[in-house]
Each structure stands twice: as structure tokens, then as C-alpha cells.
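Order of the sequence lines sets the chain letters (A, B, ...), proteins ahead of strands, with each chain counted from 1. This structure is a prediction, so every number in the text was calculated from the model and none was measured. Basis for what follows: all heavy atoms, side chains included, without hydrogens, waters or symmetry-related copies.
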4 protein chains.
Amino acid sequence: MRKLLDAAMVVFARRGYHAARVDDIVKVARTSHGTFYLYFSNKEDLLRALVSEAGEVVAALDSGLGPVSGDREGWKELRQWMGQFSDAWQRYAPVLRAWTDLVMSDPELSAQAHAAAGGVASTLAARVAAAGPPPGIDPNAAAEAVVAMVDRFHQLRQFAREPVDDVALDTLTTMVHRGLFSSARG
Amino acid sequence: MRKLLDAAMVVFARRGYHAARVDDIVKVARTSHGTFYLYFSNKEDLLRALVSEAGEVVAALDSGLGPVSGDREGWKELRQWMGQFSDAWQRYAPVLRAWTDLVMSDPELSAQAHAAAGGVASTLAARVAAAGPPPGIDPNAAAEAVVAMVDRFHQLRQFAREPVDDVALDTLTTMVHRGLFSSARG
Amino acid sequence: MRKLLDAAMVVFARRGYHAARVDDIVKVARTSHGTFYLYFSNKEDLLRALVSEAGEVVAALDSGLGPVSGDREGWKELRQWMGQFSDAWQRYAPVLRAWTDLVMSDPELSAQAHAAAGGVASTLAARVAAAGPPPGIDPNAAAEAVVAMVDRFHQLRQFAREPVDDVALDTLTTMVHRGLFSSARG
Amino acid sequence: MRKLLDAAMVVFARRGYHAARVDDIVKVARTSHGTFYLYFSNKEDLLRALVSEAGEVVAALDSGLGPVSGDREGWKELRQWMGQFSDAWQRYAPVLRAWTDLVMSDPELSAQAHAAAGGVASTLAARVAAAGPPPGIDPNAAAEAVVAMVDRFHQLRQFAREPVDDVALDTLTTMVHRGLFSSARG
DNA sequence: CATGAATGAGTGTTCATTCAT
DNA sequence: AATGAATGAACACTCATTCAT
């Protein structure tokens, strides 16, 4: 079962959800079709298991972000969280990709992922709200935007086969920190 | 041909690229399978045509953004551009969705979209650079991040069937403006 | 479509419903899988079409039986009907066989056949009732029994690969005529 | 092994032979797949064992029918035999059903059942012959027809989920008795 | 004797694509 | 140019059977 999940990650990474044939997964896992259907009721079910797993990791991220102040300390806090997010994303990149391939047709899957992402977003929103957001900033929309940005930024870099390096993470962090947390102005 | 493109938009919106059968498109367009293959060599080709069309609209956006100053005027400039972006996105949402469904398996498609998005990003990067970016900000990465954010933010709202209202656009604008353009600090 | 129906008859005759692969039918009909699913939504649907066809033939039998008197004329009437029944049965033997293979799992199919057989049975019951049935005879049960007998008799002969000859039909006719219609006794 | 046979009866009754998965039988019997194949070499073999068992019961029926006279006594003899037949049928209904599902594809099974039924039929034929059959009646065909009738009549009632009550059995008995045994006429 | 996890051949069904009219 | 009936490769999924423990 672990073997199948890992194999699925590999195959989803290579070909995406739709192009991934059960046959491929089974071959990589060095098992048989029968075994596949012993553990998962269908291909979708396998993805759901993977999303579930990724969801736990993502959910863990919301405890990884402490209060964010407007000064250098706050920046560091945010930067460290950004690093965690980036690591988690990269680890589960194939799952996210497969998830993207399927969301539209499977509402349940959508809900599952929404719940996971929701936790992170609400923690982030709370931090924004606590820091006393600049005028014109809606904490919830802002939090959603940050998650959106980081997620899609990674995706784009992946498409382009370019790494997400420190320069990139620093830039994202600075943008968010200045944009949402450093209320003091000259 | 126009009928087919429009029909494809409708069907892609409803079911995404993979679930969209040529049969559906043809039925909505009130033509025949034969006609479809008269104008497009295959389903992928149709999507490419659509992406091409969307690409032109997106490309037009890069001329829509003038210099952005750190003051209220700059904010307005950015806000207006954000509105244009949002409109364009919503208009071509089905195409973007279909595009997402397919990028991984079609490098050519990826390149096509990259070119379109690239124009916008580089204009944006130029504006950031021109404004004298805050320390720690890499203009190119920042521009990429902004596009990523706005794109995915719209996508998330669409999944959740929630509109992208003024509050949201104001928040995005403020975040970007404060984050990237208002260099002066207290 | 006609070709497919005919081919299905051939294959059902050879292997029964379950062992008949769509592939076989398609091969005999010299068409493709695609064509099969163009005309029938699935294997079961094909059988339903065949049952429907057989049903019409069977339904026509109920008009083939006039009043049955207790004398030689009545015997002849019954005998002629028995011949018709036998012919119809033999013509649609493969369908009946396939039907048998599937009834248990498909209630709709059961209903469809029930309706067809019901018509014949009720006509027969009416004839029995009109002739003034012997004591102890329930016309409806008797009619049902006659249909049951003739049907299964043919099936058994078919299993045994023995023909249903005139001796057999005469015997069945006499048995039914004496049993249900010749009320006068010495 | 007993447990498996009983379980098979239950499952065959519910779903017929083809739809009955070994898994179901094993689950009902509360044993394992391994155990199943310890006692039976395959699913078909299990059915053969069941048919064999049913065959013995059916074979016993042929000794249950004494000479049948043309009068009331003969009727009673026949009626009592009919009752026995009905009981036996109902007891082994699932086996018969499964048997029907498979006969066509398994000649050996056909032979096995033929032997069992043959004994009953020949006894019946002997009784008919002994009673001095009416003109036009072939004892062997008649005997076959009676078995066919009773068998299929029960099957039909089972499909329709209607019981085989005394009215039905009386009707069958009367029909057979008048049809085959009461030679005297007015 | 008993187990049940693992197997993989077999099959129904879908759908993009073609081509004779 | 337009049609739509026909095609068949591709794929998910089932289930009887085996065998190491």
C-alpha cells in the first residue's frame, strides 16, 4: 500500500492524473492490478488518500506561524514559515498537480483540499488581523491571496523547471511582510 | 469555426478539458464531427487556438500598466490594471481551466502560454525596477509572484463560487503596492 | 444493427449470455466495438432488444388460438396452436436461452418477458374457462402450466439435442386437450 | 465443507451462479478462499457437488410413485407424488437455478442432471404405459412433458414470487391425471 | 488443516479520429 | 464545405485461483 502510494506519486509527477494509467502505477510499484484494487476502490480513491496525506502536512503548517511583527523579527518569522511551506509544497508537488487535474470533476476532492488549505489561511488571516492591517486590507482576502501566490508561484517555477531559491523566497516574504504587516509608514 | 470555439468555451467551462468530449462540443456548436476536424486537427489543436486568442488579450494587458509611483496615484494605476486583469481572467476562465488541465502533457502549450504571460510579467518587472524596489525584492521574481497571485486567487474564488469583488481587488492592489512600490519607510 | 442482432442470436445460441463476449458478437457481425455501442448502450440492452422482438412474436400467438371444443375439432385447433408455439420457440431459442441466463439479475427484463408471456397465458386461460373446465382445474394455473410445459419441454429437447417432432407435439396436445378441455366423461 | 455447501445454496439463491462470487460464498461460510479450494477444485466443482446431492433426492422420487389408476385413487397417488416433487424442488431451488445458469457451458453437468431426472421420467413413463395410455400419447414424451411442466411451473412461480399452493398442485395433478391416465371416455 | 494477501488474464465500455458520401 | 456512421486502440476494473505462512 505504501508502495502503491509512492509509485502513484512518481507516476502522477511524470504524467499527471489523467495520463497516469493504473497499469503504470502498478508497474512502478511492482505489484499487480489486483493488489491495487485491494487497497483502493479506484484511481480516484488513491488520489484521495494522497491528498489526505498531503492535507495533514499542510495542516501542520498553520501551527508553524507565530505572531508576525512589523520589524525584522516579524520578517524572519514569516520567512521561516515561507520556507516550511515551500518544502511541503515541493514534497507533495505531484499530488497537487494530480489534484489540479481532477478538482473540477470531483467536488468531494475539492472539499477535502479546501479544508486543509482553510486552516492555514485562517491562521494567516489571524496574524494579519492581530498585526493591525494597513487600511484597505481585508485580512481574509489577504491571507487567501498569500496562499494563492505561494502555491501558484511554485507551480510556475515547476513548469519552467526553475528552482524556488532563496532569492525568490526572500522576495515573496518581503512583499508579504511589507504589504500586510509593516503598518508604520514615513 | 467561431461557433466551434465558442462551443468549446462553454463545454470546457462545464467539464474541463479532459471530460469535454468532442461530441459535446460539436453538439453545442450544432455541427458535425466532420466539421470539427475540418477546422482543427484534433482536440488539443482547438485548445491551442483558444489559448492563442486568450494570449492576445493578456498580451494587451502589458500596455495597460503605466509607471507606478509610491503614492496614491501609483495605487490607482495599479488598481486599474488589476481590474483589467480580473476582467480578462474572468472572460477566459474556461480556457485557463482547460489549459491547466493539459499543460503538463503538452510542452508546446506551455510555451505558448508562457510567452503570453511573460510579456505582462516583464512589463510589471520593469515598473518595479523603475520604482526603485525595496531591499530584498527581486523585480523579476516579484513580478512573477504578482501574476501568480492574481491568477490563482481568481481560480480559488471560482472553485469556491465566490465572486472577486472590489474588497478583494483593493486588498490585492494594496498588498502589491505597499509590498513592491512604496519604498519610503518610517 | 440488424447484423448485430442476428450476430447476437448466433453467439447467444453458441455460448449463452454470460459467456458471449461483445468481441464475439462484433466479430460475427463483422463490425467494430464502436458500432456496437452506437446502437446499444450495453450488452444487456442488446438482449433487451432481442427479447422485445421475440416478445412481439409470442404476443402474436395469443390471437392464433380460437375457441377449443372438447371434440376432434378442438384438438386440431389446439394442435395447430401448439405447432405455432413450437416454431416461434425454436426461432427464438437463443434469445430465450440468453434470457434465462439473465432474468435473475435484471428485474426489468423479467417484467418485459412476463408481459409477453402473460398475453398468451391469459388467452389460454380464457379458452379453458370458456370450455367449462373440469372440476379441480383452475384456469389460470392451468394456462400457466401449459405454457411452462411447452416451454421447458422444448428446452429439454434442445439440451438433449433431440428434435421436437410430431409425436411429441401430438402427445402434448392430447395431454392438454384431454386434461383441460374434454369435460364429458363416461 | 458442509458449511461451504450451505453457504453456496444461500448465495446461489440470492444471485444465481454467475453473479455468485467465491468471495461471497466464503464470507457467508465464514471461511477463507484457501479453504474453499481445499475442498473444491473450482466454483463449478462446488455446483457439481450440490447437483449431485440434489440428484439423490430427485432419484428418490421415482420410488415415490406407485401405479396410477384412472379413478380417484390414482389421482390421490399422483397428487401425493406431486407434493413430494414440489417439496424437493423448493428445497433445491437454488441449485436448480444455478444449474440452469450453467448447463449450456458444461456438458458434464448436463449429463449428471439428465441421469437424475431420467430415473423419475422413466418411472413415470412406465406408469403411463401400464395404465394403458390414451391414443396419441407417447409415454416417454408424456413423462418428459410432465417433469418439464412441474419444473418450469415452479420456476415461474418463483420468479413471480408467488407460492405454489394446493390449488396449483391440484390443477397440475388433475391435468396430468385426466390427460394421461383416465382412458375411459363417454 | 486453514488462511488471506497477492495475482493477472479477461472483458465491457469510451471516445478521439477517419472517410465515403 | 459539410456530414455522421463507423472505427478500434486504449483503459479501468473484476474475480477465480494460487501459495507462502
How long is the line joining [atom1] of [X] and [atom2] of [N], in whole Å?
X: D:Ile25; N: F:dT17; atom1: CD1; atom2: P; answer: 11 Å
X: D:Asp45; N: F:dT17; atom1: CG; atom2: P; answer: 10 Å
X: A:His18; N: E:dT14; atom1: NE2; atom2: P; answer: 16 Å
X: A:Asn42; N: F:dC11; atom1: CG; atom2: P; answer: 17 Å
X: B:Asp23; N: E:dT17; atom1: CG; atom2: P; answer: 13 Å
X: D:Lys43; N: F:dT14; atom1: NZ; atom2: P; answer: 15 Å

Should [N] form a Watson-Crick or G-U wobble pair with both distances under 3.5 Å, which nucleotide is its partner?
N: F:dC13; value: E:dG10
N: F:dA1; value: none
N: E:dC15; value: F:dG8

Original post:
So does B:Tyr37 get a side-chain nitrogen or oxygen closer than 4.0 Å to the phosphate oxygens (OP1/OP2) of E:dT17?
Top reply: yes

Subject >> Note: A:Glu53-A:Arg2 ion pair, threshold 4.0 Å (strictly below) >> reply: yes

Original post:
Under the 3.5 angstrom rule, does the side chain of D:Asp101 hit a backbone N or O of D:Gly16 as a donor-acceptor pair?
Top reply: no

**OP:** Kindly say whether D:Arg48 contributes a backbone atom to a donor-acceptor pair with the side chain of D:Gln112 at under 3.5 angstrom?
**Re:** yes

**OP:** For D:His114, look at atom NE2 and say whether over 12 heavy atoms of other residues, nucleotides or ligands are found less than 6.0 Å away.
**Re:** no

**OP:** Kindly compute the distance separating CH2 (B:Trp89) from CD (B:Gln155), expressed to the nearest 0.5 Å.
**Re:** 5.5 Å

Original post:
Would you say D:Phe12 and D:Ile25 make side-chain contact, with heavy atoms under 4.5 Å?
Top reply: yes

**OP:** Under 4.0 Å between any heavy atoms, over every strand shown, what does D:Ala20 touch: base, sugar-phosphate, or nothing? Just pick one.
**Re:** sugar-phosphate

Subject >> Sugar-phosphate or base contact per nucleotide [nucleotides 2-8 of chain F; S, B, -; heavy atom under 4.0 Å] >> reply: SBBBSBB

**OP:** Please work out which of the three classes, parallel, tilted or perpendicular, describes the rings of C:Phe159 and D:Trp99, given edges at 30° and 60°.
**Re:** perpendicular

Original post:
Closest to the B:Arg21 side chain: F:dA16, E:dC15, E:dT13?
Top reply: E:dC15

Original post:
On DNA chain E, nearest-nucleotide positions of B:Tyr17 versus C:Glu44: which is more 5'?
Top reply: C:Glu44

